[in-house]
Amino acid sequence: MSDVVGLVLPFFGLIFMGFLVARITRQPIEALGWMNTFIIYVALPALFFQLLAKTPVEKLTEWSYIFGSVFSTYLVFSLMFVGSLILSRGKVAEATIKGLAASYGNIGYMGPGIALLAFGEEAAVPVALIFCFENTIHFAVAPMMMALAGSEKVPPVQLALGVVKKILLHPFIISTIIGVAAAYAEFRPPMPIERFLDYLSRAAAPCALFAMGVTLALRPLKRVPTEIAPITALKLIVHPLICYVVLSWVGNFSEVWLFSAVLLAALPTATNVFVIAQQYNTWVERASASVLITTCFSVGTVTALLYMIKTGMLPPDLFP
């Protein structure tokens with residue numbers, strides 16, 4: 001148990017430190033802008049490139065792994081979306097945000113840090129693949145569903161071009177593509193550039209987790225949604241369970257790859273869900289509450305999951 005505590009304490013400790021410092025200093029949320037820019041445009045892309053470029057290219061085309069992970073996420077999304085659609089009598093926009101809150105995990109800020117800490121550098125490739133493909137689909141699904149709801153007042157062609165632009169110009173996805181190309185070409189940067197990338201990569205996880213804590217502190221809990229119980233259960237328990245079963249069924253993956261996907265599925269609601277809610281002015285305060293509450297509960301659920309993995313209570317393959 002002490003090993004698991006040693007894993008999660010620095011991780012959640014950085015989030016708590018950001019939360020505490022934000023409460024003490026009372027800086028406006030806009031003050032976080034340049035740190036977020038550094039994390040999104042510099043540190044995490046450097047981390048993804050550096051680790052992917054060193055990976056044998058055959059490991060980057062595990063399509064059954066990608067399918068299993070994405071299918072699990074959107075099965076959870078569908079459960080919440082359909083349930084909400086029935087209860088709200090056809091409010092597609094609200095049901096979309098609730099579905100994202102139950103399925104869109106914080107795989108960008110939290111994913112690389114906790115997976116690399118728990119499983120080592122071998123986890124970098126599955127984390128990058130999951131991030132790249134799941135976010136590509138998230139970027140497409142959100143505007144498409146909002147257009148269906150009538151919230152997106154743009155022509156279909158402009159909507160499609162906006163989605164493609166958002167996908168292709170995202171720095172994480174650009175760095176993933178360049179990293180895969182470097183792996184295919186067996187390219188290695190010169191030593192000074194390699195050291196520079198390593199320096200940037202080391203800053204990625206601490207800065208991302210601290211920034212997340214600050215964000216949680218500066219978005220106070222104003223309105224707890226009545227749907228918080230199913231959202232929390234689906235995101236923190238059902239999602240990783242489905243991911244574990246599906247990936248065990250569709251392929252024979254290494255222990256690190258399987259558990260990396262399950263761990264990412266167990267992460268709390270992404271702050272991007274709040275951003276999407278703000279963009280479409282739908283379910284905004286309750287989306288913020290979902291991020292905060294699932295993050296608080298994830299301290300216990302993620303610790304329990306890592307304990308089961310590290311002690312062997314969770315077998316590395318459900319269908320050996």
Side-chain angles (χ1 to χ4, degrees), residues 33 36-37 39-41 44-45 48 66-67 69-111 128-177 215 219 225 227 231 234-235 239 264-265 267-291 294:
N36 281 331
T37 300
I39 294 163
I40 294 170
Y41 287 90
L44 282 172
F48 283 142
I66 294 163
F67 166 79
S69 174
V70 173
F71 175 80
S72 303
T73 297
Y74 275 88
L75 180 57
V76 174
F77 173 87
S78 300
L79 290 171
M80 189 66 207
F81 178 82
V82 171
S84 176
L85 201 63
I86 293 170
L87 293 175
S88 66
R89 299 179 182 179
K91 293 182 179 178
V92 174
E94 275 193 19
T96 298
I97 302 299
K98 293 174 190 176
L100 290 172
S103 61
Y104 190 174
N106 208 322
I107 55 177
Y109 270 20
M110 297 177 72
L129 289 175
I130 290 170
F131 178 88
C132 184
F133 282 91
E134 287 204 5
N135 273 285
T136 296
I137 295 175
H138 292 324
F139 293 156
V141 165
M144 181 183 69
M145 297 304 292
M146 290 304 176
L148 183 64
S151 302
E152 186 70 87
K153 308 293 185 183
V154 295
V157 174
Q158 187 178 339
L159 178 66
L161 288 174
V163 169
V164 171
K165 182 179 178 181
K166 188 178 289 187
I167 292 168
L168 293 180
L169 297 183
H170 194 288
F172 292 178
I173 293 175
I174 291 173
S175 64
T176 299
I177 292 170
T215 302
R219 288 180 183 149
E227 301 88 349
I231 286 173
L234 284 167
K235 185 70 217 68
H239 190 183
L264 262 61
L267 294 179
T269 303
T271 51
N272 273 353
V273 175
F274 170 75
V275 174
I276 293 169
Q278 271 192 320
Q279 181 181 350
Y280 296 104
N281 195 29
T282 301
W283 219 63
V284 179
E285 288 185 2
R286 286 168 286 184
S288 177
S290 298
V291 174
T294 56

- Y109 and N272 side chains, donor-acceptor separation under 3.5 Å: no

Of all heavy-atom pairs linking L264 and I130, the shortest is CD2-CG2, 3.9 Å

Here the gap from I173 atom CD1 to F139 atom CZ, rounded to the nearest 0.5 Å, amounts to 5.5 Å

dist K91:NZ -> T282:OG1 (nearest 0.5 Å) comes out at 10.5 Å

Donor-acceptor side-chain pairing of T73 and E134 below 3.5 angstrom
yes

Are the side chain of K235 and the backbone N or O of Y104 linked by a donor-acceptor pair below 3.5 Å? no

Here the pair of heavy atoms bringing A142 nearest to L100 is CB-CD1, 4.4 Å

Minimal heavy-atom distance between V76 and H239, with the atoms involved, is CG2-CA, 3.7 Å

Closest non-hydrogen atoms of E227 and W283, given as atom of the first, atom of the second and distance, are OE1-CZ2, 3.5 Å

* S84 and K98 side chains, donor-acceptor separation under 3.5 Å -> yes

Heavy-atom closest pair (N135 atom, I107 atom, distance to 0.1 Å) is ND2-CD1, 3.7 Å

T294 side chain to T269 main-chain N or O, any donor-acceptor pair under 3.5 Å? yes

